[in-house]
Structure formats: C-alpha cells, structure tokens
Amino acid sequence: MRLKRKSKLATKLGLFFLTSILLLEGILFLVLYFGFLNERIMAETDALLARGNSHRDVLEKHFDRETMEHVALMESEAETQVIITDERNSVLVHSNTVTSMIRTTLSSSSPLPVSGDIVEGDWGNKPYVMTGSPIVVNDQLVGNVYMILDTKSIREVRDHLTTQFLIISGLSLFLTVITIIYLSRMITRPLIEMKVATQQMSTGDHNVSLKVDRNDELGELAKGIQSLSDDLLRLKNDRSDFLANIAHELRTPLTYLNGYADIAQREELSSTERNTYLSIIKEESENLTSLVRDLFDMAKMDQQGFVINRDEVELCSLIHQVREKVSPAFENKGIDLIVSCQNKIHLDIDSTRFSQVILNLLDNALHYSESGKTVLIEAHSFQSDVIVRVIDEGEGIPEKDLPFIFERLYRVDKSRSRKYGGSGLGLAIAKEIIEKHGGSIKAESQKGKGTTITIVLLGVE
Ligand SMILES: Nc1ncnc2c1ncn2[C@@H]1O[C@H](COP(=O)(O)OP(=O)(O)OP(=O)(O)O)[C@@H](O)[C@H]1O
Ligand SMILES: [Mg+2]
C-alpha cells in the first residue's frame with residue numbers, strides 16, 4: 001500500500017518527463033525527415049532532370065553513336081549515371097552497369113513529356129532516383145536519356161537520424177527510470193512521511209518526529225508540520241495542566257466549605273462560633289463564585305465570544321470610581337491608596353472591562369503589600385499614548401517568575417498554605433482585555449521593593 005502510493009506521484013512525473021522528451025524528439029525527427037531530407041532529394045532530382053535535359057539537347061542535335069558514347073564517358077566519372085535508349089527503351093549506351101532493377105524501371109516507364117519527368121522518385125524504398133528526357137528529332141521520338149542518382153548518402157543520413165532517435169528514446173527511458181527513483185527518494189518519500197505524520201496527528205498522537213534538515217520547500221513544509229505538532233503537543237499538555245489546576249482550585253475551597261459546614265452543624269456551638277464558621281463559608285463561596293466568573297471570562301475569550309463595547313471615557317473619573325469601590329479594603333489593611341491623574345484624558349474603551357483590569361491590579365497590590373505601605377495609581381498621556389501605572393511597595397515578584405505572571409493559573413507562591421487564595425487568573429484576564437483594546441501591559445518588579453504594572457493604550461485625539 002505504502003510502496004504503491006510512493007510510486008504514484010514519481011511515476012506520473014516520470015511519465016510526463018518521458019512523454020515530453022519523446023514528443024519533442026519526435027517532432028524534431030519528423031521535421032528533419034520530411035523537411036530536410038525531402039527537400040534535399042527534390043533539389044537533387046531537379047538537378048538530375050536538368051542535367052538529363054541538357055544531354056538530351058545535345059543528342060537531339062547529334063543523335064549518333066559517337067556523341068552518345070561521349071555523354072556516357074562524361075557521366076562515368078560523375079556520381080550520376082546515364083542510360084541512353086532507343087524509342088522503345090532498349091539500352092543503346094550506358095555509363096555504368098545497368099542493374100536488373102533499373103531495367104525493370106525502364107521497361108515500365110511510360111512515355112515522357114517533352115520537358116522530361118521523374119521516372120523513379122521513391123528514394124526511401126529504391127536505391128536510386130531516376131529522371132527521363134525524350135529525344136525528339138524532326139518531331140519524331142528517337143530515344144530517351146535516363147539519368148540515375150544513387151541515393152545511398154541520403155538514406156545513410158536517414159538511417160543515422162533513425163538510429164539517433166532510437167538511442168535518444170532509449171536514453172530517455174533510462175533517464176525516466178532514474179528520475180522516478182530520484183523523485184520517489186527526494187520528493188515522494190518525504191511527502192509520504194509528512195502525510196503519515198499528519199494522519200498520526202489527526203488521531204491525537206502528537207509525538208511526531210520529521211526530518212527537517214532539508215533546505216528547500218519540502219524541508220520548510222516538514223518544519224511547519226513539526227512545529228504545528230509541537231504546538232499541539234504543548235497545547236495538549238497545557239490543557240491537561242490547566243484542567244488539573246482548575247480541578248485543584250475548585251476542590252480546595254469545596255473541601256473548606258464542606259469542613260466548615262460540618263463544624264457549623266454541631267449543636268454544641270455557640271451562636272458566635274457558628275456565625276464565624278458561616279462567615280468563613282460565605283467568604284469561601286464568594287471566592288469560588290469569583291473563580292468561576294474568571295474561568296467563564298477566559299472561556300469566552302478563547303471562543304472569541306468576548307466582545308469589547310467601546311465608548312468614550314474620561315480616564316480620571318473612571319479611576320476615581322474604582323478607587324471608591326476598593327478604598328474600604330485598603331483602609332482595613334492600613335494601606336494608602338493614592339490617585340495621581342492628569343485631567344481630561346479621553347479613551348475609547350470598554351469601561352466595565354477596563355475597571356475590571358484596574359480592580360485586578362489593585363487587588364494584587366493590596367494582597368501582596370503589608371500594612372503601612374502605599375499604592376499609587378498614576379495616569380498620564382504621552383504623545384498619542386495613554387499610560388496607566390499601578391505602583392506598589394509590596395513583596396515584589398522574583399525575577400525568574402516575572403516572565404510568567406501573565407500566564408493563566410500562574411502563581412509565584414504555589415503552596416496551598418499561602419495567605420492569599422488567588423487562583424492566578426487575574427493578570428491573564430487583564431492582559432487579554434488590554435490586548436483586545438489594542439494596548440499592552442507589562443510588569444516590572446524588585447523582590448522586597450515593590451511592583452509596577454504599566455498599561456499603554458491609544459488615546460483619543
Ligand atoms: N503586585 C504584585 N506584587 C507581588 N506579586 C504579584 C503582584 N501581582 C501579581 N503578583 C504575582 O503574580 C501572580 C499572578 O497574579 P494574578 O493576579 O494573575 O493571580 P492571583 O492574584 O494569584 O489570583 P487572582 O488574581 O486570579 O485572584 C500572583 O500569584 C503573584 O504571585
Ligand atoms: Mg490577582
């Protein structure tokens with residue numbers, strides 16, 4: 001099956017190659033054969049007839065033995081041959097031996113026109129061509145002059161051409177076989193390998209390994225397929241990791257909920273104790289709700305079902321609104337929240353989504369800073385850009401983690417006993433939203449000193 005398929009493309013290409021060469025060569029052969037050879041034979045025959053006519057003219061003036069022999073003598077030294085006959089075509093004089101074939105041609109020759117004629121022109125089958133010119137003296141046919149030309153040299157050229165044609169055909173056939181082998185090695189085999197690889201990928205097996213060392217289009221194709229397969233493998237692993245993480249994220253609060261609900265049900269609890277457990281349950285369920293909401297957002301983003309409803313917004317008032325919302329939490333933890341904002345910055349953005357981003361950033365700043373520290377939200381425009389920064393003096397992010405913090409479910413502190421129960425989705429969502437707006441977001445941080453998150457958006461002129 002594999003071999004059969006392997007030879008298909010190579011054979012097709014090979015046969016195409018063979019047909020093209022044979023066609024080209026055939027046309028060339030026919031052109032040479034019919035054009036060149038026929039033309040040459042026609043020119044020779046015309047010359048032969050002219051020479052015969054000129055002998056005839058002499059003989060019409062002196063139709064005697066001496067002149068005839070003189071003519072024959074002249075021709076005996078030439079390539080041509082002359083035969084002079086009487087009016088009934090009995091040979092009178094000839095320059096060379098008259099073969100039986102010539103005699104047959106002579107005896108079957110019909111009366112000739114005055115200007116002479118070609119008696120034998122079939123040079124392909126007969127070894128000669130022959131012309132005849134009638135000798136007329138006093139309106140009376142007294143004999144004929146026949147001129148004969150051996151066509152051996154022309155037939156040799158023809159035979160030579162035919163041999164060459166056959167040699168080239170054989171050579172083409174040989175080259176075709178070589179081409180088919182070459183093509184199947186060089187083109188078809190890698191193609192088959194790639195086909196098998198893509199089939200393997202489509203069945204879900206992404207452990208594909210293709211030869212990518214070629215420096216041509218096939219090499220590039222193999223590289224493309226290989227990187228596609230690597231990407232798919234990575235995505236598959238990412239997805240499994242993601243699902244495992246989500247399962248873990250959901251299980252942890254659920255375990256708490258279960259545990260605290262069990263405790264809250266105990267009859268010997270005082271109402272104050274019960275209330276404490278119930279408020280823990282409420283807090284955990286709120287965390288769960290926000291996690292599910294974030295996951296839902298991410299799913300929508302993946303399905304391209306996440307739409308940005310742009311509207312012109314004045315940035316400072318938007319930031320102040322967000323600040324109002326979060327200030328109780330900051331006050332509770334004893335962290336100063338300062339807004340520094342250049343007035344009248346207009347943006348064409350989805351205000352709800354953008355507030356969500358700022359809320360996520362402030363949430364991080366709050367959770368990763370100790371009391372007594374300050375968090376600053378700063379916004380200004382620079383040329384056509386609008387720059388928003390959230391700067392904190394918190395614990396900072398280690399350099400090795402910094403490139404990954406915008407990835408989904410990535411947390412610096414991976415231990416489950418961490419003080420803040422974030423799930424690692426906040427920054428991933430913020431990045432998606434900002435990029436959907438055509439902007440960019442980046443983080444700079446120094447462990448122990450603090451973190452600055454910078455958002456750059458295009459302002460409204
Ligand atoms: N301001 C910051 N200071 C220190 N570390 C930060 C800060 N912002 C983010 N990080 C680190 O980056 C990680 C990813 O942040 P992200 O906001 O995506 O997730 P999270 O805060 O853990 O959870 P979520 O926001 O989904 O509730 C955090 O776990 C934290 O380790
Ligand atoms: Mg967060």
Side-chain angles (χ1 to χ4, degrees), residues 238 241-254 256 283-302 306 322-323 325-326 329-330 333-338 353-378 388-436 440-455:
D238 281 0
D241 286 356
F242 189 70
L243 284 174
N245 285 340
I246 298 264
H248 199 284
E249 287 305 320
L250 291 171
R251 209 174 49 225
T252 314
L254 283 173
Y256 281 130
E283 199 181 309
E284 280 298 334
S285 67
E286 272 166 5
N287 281 344
L288 254 183
T289 312
S290 90
L291 171 65
V292 170
R293 196 193 52 228
D294 284 354
L295 284 172
F296 192 58
D297 272 353
M298 297 255 67
K300 272 203 289 188
M301 283 166 186
D302 282 351
F306 186 76
V322 176
R323 195 209 135 137
K325 219 186 255 179
V326 297
F330 277 77
K333 205 172 169 181
I335 296 174
D336 254 359
L337 178 59
I338 302 172
R353 292 295 180 192
F354 189 75
S355 306
Q356 190 184 351
V357 172
I358 301 294
L359 275 172
N360 281 353
L361 300 184
L362 288 177
D363 187 57
N364 287 346
L366 173 69
H367 284 104
Y368 302 111
S369 300
E370 285 167 10
S371 64
K373 301 286 184 189
T374 306
V375 173
L376 172 69
I377 317 176
E378 188 254 352
V388 183
R389 285 201 177 93
V390 175
I391 306 162
D392 68 51
E393 302 169 342
E395 64 188 54
I397 303 163
E399 212 178 313
K400 67 171 179 42
D401 294 294
L402 207 53
F404 309 108
I405 54 165
F406 290 100
E407 281 178 15
R408 294 172 186 192
L409 297 176
Y410 192 88
R411 277 188 314 241
V412 174
D413 176 11
K414 292 169 187 69
S415 71
R416 300 290 156 189
S417 59
R418 64 194 191 282
K419 31 189 183 273
Y420 166 56
S423 55
L425 285 174
L427 286 180
I429 291 175
K431 187 170 191 273
E432 294 269 357
I433 294 175
I434 294 300
E435 284 179 356
K436 272 255 151 59
S440 67
I441 182 166
K442 63 167 188 182
E444 290 153 292
S445 188
Q446 257 189 311
K447 187 88 185 108
K449 292 240 169 87
T451 305
T452 301
I453 308 283
T454 309
I455 295 171

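Quantities reported herein were computed from a predicted structural model and do not represent experimental measurements. Note that ligands are numbered from 1 as they come in the structure, with each ligand's atoms numbered from 1 the same way.
- Where the criterion is an N or O separation shorter than 3.5 Å, residue side chain and backbone included, Asp392 meets it with respect to ligand 1.
- Under a 3.5 Å cut-off, the side chain of Asn360 and the backbone N or O of Gly426 do form a donor-acceptor pair.
- Using a distance-only test at 3.5 Å, with no hydrogens or angles considered, a donor-acceptor pair links the side chain of Ser290 to the main chain of Asn287.
- Heavy atoms of Gly394 come nearer than 4.0 angstrom to ligand 1 in no pair at all.
- Around NZ of Lys333, the count of heavy atoms belonging to other residues, nucleotides or ligands within 6.0 Å exceeds 12.
- For a threshold of 3.5 Å applied to N or O pairs, the pair formed by Asp363 and ligand 1 contains no separation below that value.
- The side-chain heavy atoms of Val357 and Ile455, taken from C-beta on, include a pair separated by under 4.5 Å.
- Within 6.0 Å of the NZ atom in Lys373, the count of heavy atoms belonging to other residues, nucleotides or ligands does not exceed 12.
- By the 4.5 Å heavy-atom criterion applied to side chains, Leu288 and Glu284 are not counted as neighbours.
- For ligand 1, the atoms lying closer than 4.0 Å to a non-hydrogen atom of Val412 are 11 (C), 29 (O), 31 (O).
- By the criterion of a heavy-atom distance under 4.0 Å, neither the backbone nor the side chain of Leu361 is placed next to ligand 1.
- When atom types are taken as modelled, the side chain of Ser445 and the backbone of Ile397 share a donor-acceptor pair closer than 3.5 angstrom.
- A donor-acceptor pair is defined here as one N or O able to donate and one able to accept, closer than 3.5 Å; such a pair exists between the side chain of Glu393 and the backbone of Thr374.
- Near Arg411, with a cut-off below 4.0 Å to any heavy atom, the atoms of ligand 1 are 22 (O), 29 (O).
- Between the Lys325 side chain and the Leu359 main chain, no donor and acceptor come within less than 3.5 Å of each other.
- The Mg ion (ligand 2) lies at 2.8 Å or more from every N, O or S atom belonging to Asn360.
- The atoms of ligand 1 that sit less than 4.0 Å from any heavy atom of Leu427 are 9 (C), 15 (O), 16 (P), 17 (O), 18 (O).
- The proximity of Ile397 to ligand 1, defined as any non-hydrogen pair under 4.0 Å, is limited to the side chain.
- Under 4.0 Å from ligand 1, the heavy atoms of Thr451 that appear belong solely to its side chain.
- Of all the listed residues (Ala428, Gly450, Gly424), Gly424 holds the heavy atom that lies closest to atom 19 (O) of ligand 1.
- Applying the 4.0 Å criterion to heavy atoms of Ser423 picks out, from ligand 1, the atoms 23 (O), 24 (P), 26 (O), 27 (O).
- Proximity of Tyr410 to ligand 1, defined as any heavy-atom pair under 4.0 Å, is confined to the backbone N, CA, C and O atoms.
- In terms of N/O distances under 3.5 Å, ligand 1 is approached by Asn364.
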